[in-house]
Structure formats: structure tokens, C-alpha cells
Amino acid sequence: MMAATRGALIVLEGCDRVGKSTQAKLLVEYLTKRGKPAKLMNFPDRSTTIGKLLDEYLKQGQEFDDHAVHLLFSANRWEAASSMEKLLKSGTTLVLDRYSDSGIAFSSAKGLDFDWCRNSDAGLPLPDLVLFLQLSQEESRARGGYGQERYEKEQFQATVRDKFSRLQQDNWTVVSAEQKSIEELQCELRKLVDAAVKSALNKSLGHLPT
Ligand code: TMP
Ligand code: MG
């Protein structure tokens, strides 16, 4: 019998500066206030041993082969997988700031094969909802410059944008962040999240396919 209490696995994806972190945090606050257990998770999770290597890599203090670092990003998800499953099955909704699709888009933007990139994540918990936040390059530029990290360069971000659009999956919900205030976008996302939380109750948790 299926547990009647399963939480939903909700992922926010999109290019840099689109507002994923802000929106994810607000969604967790919203769910929590309404009495629905919810937890925010970020990928990469920079707090683990693997995450510290990734943090060094992103801050350009450490070099890795592109394949090797892809597998580290994937391993950083795998090391969270069993606790994610436990939380979901005990009724906690997880809101993820990036997940597997970021891994595929960023690594393939460096020239790695899509399917090769996808394979290392096969078997991870399957999102119930992927909210892909879309923003034009012009507006993202207008929101302020990128930071200092490895991938925060306009040319590379344009390639990532292109990979995300090739990756676009049937199960994505694309939401435009164009010309919207934080509150307006949040309002739209809440409706989608409420529906996903409700429908997850009647579904068993899936796993990412190869
Ligand atoms: P953050 O800015 O959301 O902390 O993410 C750090 C960077 O890591 C961001 O540029 C996207 C990149 N990234 C990957 O290259 N592969 C991955 O699997 C993930 C989750 C993020
Ligand atoms: Mg960033």
C-alpha cells in the first residue's frame, strides 16, 4: 500500500540570475506556513566533502577533467538521495534549487555527450514537478552582472541556455520570469506547487530513467 503522506519533489531550474534561489526559499516558507512540511535543498550542496571540492572548482581554485567534475556533481546528488527518499516518504516536500537538468545542461555546454551526462543520474529520485524559469539574455543582463565563479560568463551562459532548450523535457513546466516581480512569479509558482503536492499523494515516487 502506498503511504498517504508522501511529499512532492519539486525542482527549480533555469539559467543564472533568473531567481531560482529566491523563489525556492519563498516556496518553502509558503508551504511551511500552511502546515505542509517542506525543506529547501541546493545542488551543488557545498557543505559535504564532495561539495567542498565542487566549491573549490567553481571558485577556480581547483581544476578537474570535465568528465570527472560532472561525476562529482552527480555524486553530490547521489550522496543526498537516500535522505531525500526518506524525507519524501515521510511526507516532507522538497524544493530543490537545481538538480539533474543543471548537471546535463552545464556539462554538455562544455561539449560532453548528453546521454553520457544523463546516465550518471539514472536512478535518482524523479521530480514530480520541474519548474523551468525562463528569462531572456537581455533581461538577465539588465538584472546585474554575473559573479566571479567559473561558469558566470555571458558566452558560456548563452551555450547553457541553448542546451537547456534542447533538453526541454515533457515533464517540465516552463514559466516565464520576464518582466515579473518576485511576488508575481511566486504567486504563479505557488499554484503549480500546490497542485503538485496534492497529486504526489496518489503517486509512488519514481526514479530518473537512463
Ligand atoms: P549555484 O550558483 O546554483 O550555486 O550553482 C553553482 C554552479 O554549478 C552553477 O553555475 C551551475 C553549476 N552546476 C553544474 O555545473 N552541474 C550541476 O550538476 C549543478 C547542480 C550545478
Ligand atoms: Mg550561481
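Remember, it's 1-based here, ligands and their atoms both numbered in the order they're listed. Numbers here simply count residues along the sequence, with the first being 1.
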Tell me every residue that passes ring pair (Phe, Tyr, Trp, His ring centres under 6.0 Å) with His67, counting only those two or more places apart in sequence or in another chain.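 Checked His67 against ring pair (Phe, Tyr, Trp, His ring centres under 6.0 Å); matches are Trp116.
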Enumerated ligand 1 atoms positioned under 4.0 Å from heavy atoms of [X]:
X      : result
Pro44  : 5 (O), 6 (C), 20 (C), 21 (C)
Phe43  : 20 (C)
Arg77  : 17 (C), 18 (O), 20 (C)
Gly103 : 16 (N), 17 (C), 18 (O)
Leu58  : 6 (C), 7 (C), 8 (O)

State whether the shortest distance between N or O atoms of Glu152 and N or O atoms of ligand 1 falls below 3.5 angstrom.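 No - when backbone and side-chain N and O of Glu152 are compared with those of ligand 1, no distance drops under 3.5 Å.
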Is the shortest N/O to N/O distance between Asp97 and ligand 1 below 3.5 Å?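 No, there is no polar N/O contact under 3.5 Å.
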Yes or no: does Arg46 have any heavy atom under 4.0 Å from an atom of ligand 1?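 Arg46 counts as a contact of ligand 1 under the 4.0 Å cut-off.
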Within less than 4.0 angstrom of ligand 1, does Arg150 place any heavy atom?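 Flag not set, Arg150 not near ligand 1.
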Start with the C-alpha distance between Lys33 and Glu29, add both sets of side-chain angles, then the distance that settles salt bridge (Lys or Arg N to Asp or Glu O under 4.0 Å), and finish with yes or no. CA-CA 6 Å; Lys33 267 194 207 131; Glu29 284 171 17; 5.1 Å; no
Return the orientation label for the Tyr151 and Tyr57 ring planes: parallel under 30°, perpendicular over 60°, tilted otherwise. perpendicular
Check: Ser176 main-chain N/O paired with Lys180 side-chain donor or acceptor under 3.5 Å: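 Present.
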Mark yes or no for whether Ser108, through its side chain, and Gly111, through its backbone, hold a donor-acceptor pair below 3.5 Å. no
Return all side-chain donor-acceptor pairs below 3.5 angstrom for residues 70-78, not counting sequence neighbours, or 'none' if the list is empty.
unit_1 : atom_1 : unit_2 : atom_2 : d
His70  : ND1    : Ser107 : OG     : 2.7
His70  : NE2    : Cys117 : O      : 2.9
His70  : NE2    : Ser120 : OG     : 3.2
Ser74  : OG     : Ser120 : O      : 3.0
Ser74  : OG     : Ser120 : OG     : 3.3
Ser74  : OG     : Asp121 : OD1    : 2.6
Asn76  : OD1    : Asp45  : N      : 2.8
Asn76  : ND2    : Asp45  : O      : 3.1
Asn76  : ND2    : Thr48  : OG1    : 3.3
Asn76  : ND2    : Glu79  : OE2    : 2.9
Arg77  : NE     : Asp121 : OD2    : 3.0
Arg77  : NH2    : Asp121 : OD2    : 3.1
Trp78  : NE1    : Ser120 : O      : 2.7

Minimum side-chain heavy-atom gap Val175-Gln134 below 4.5 Å: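 With C-beta onward as the side chain, the pair stays apart.
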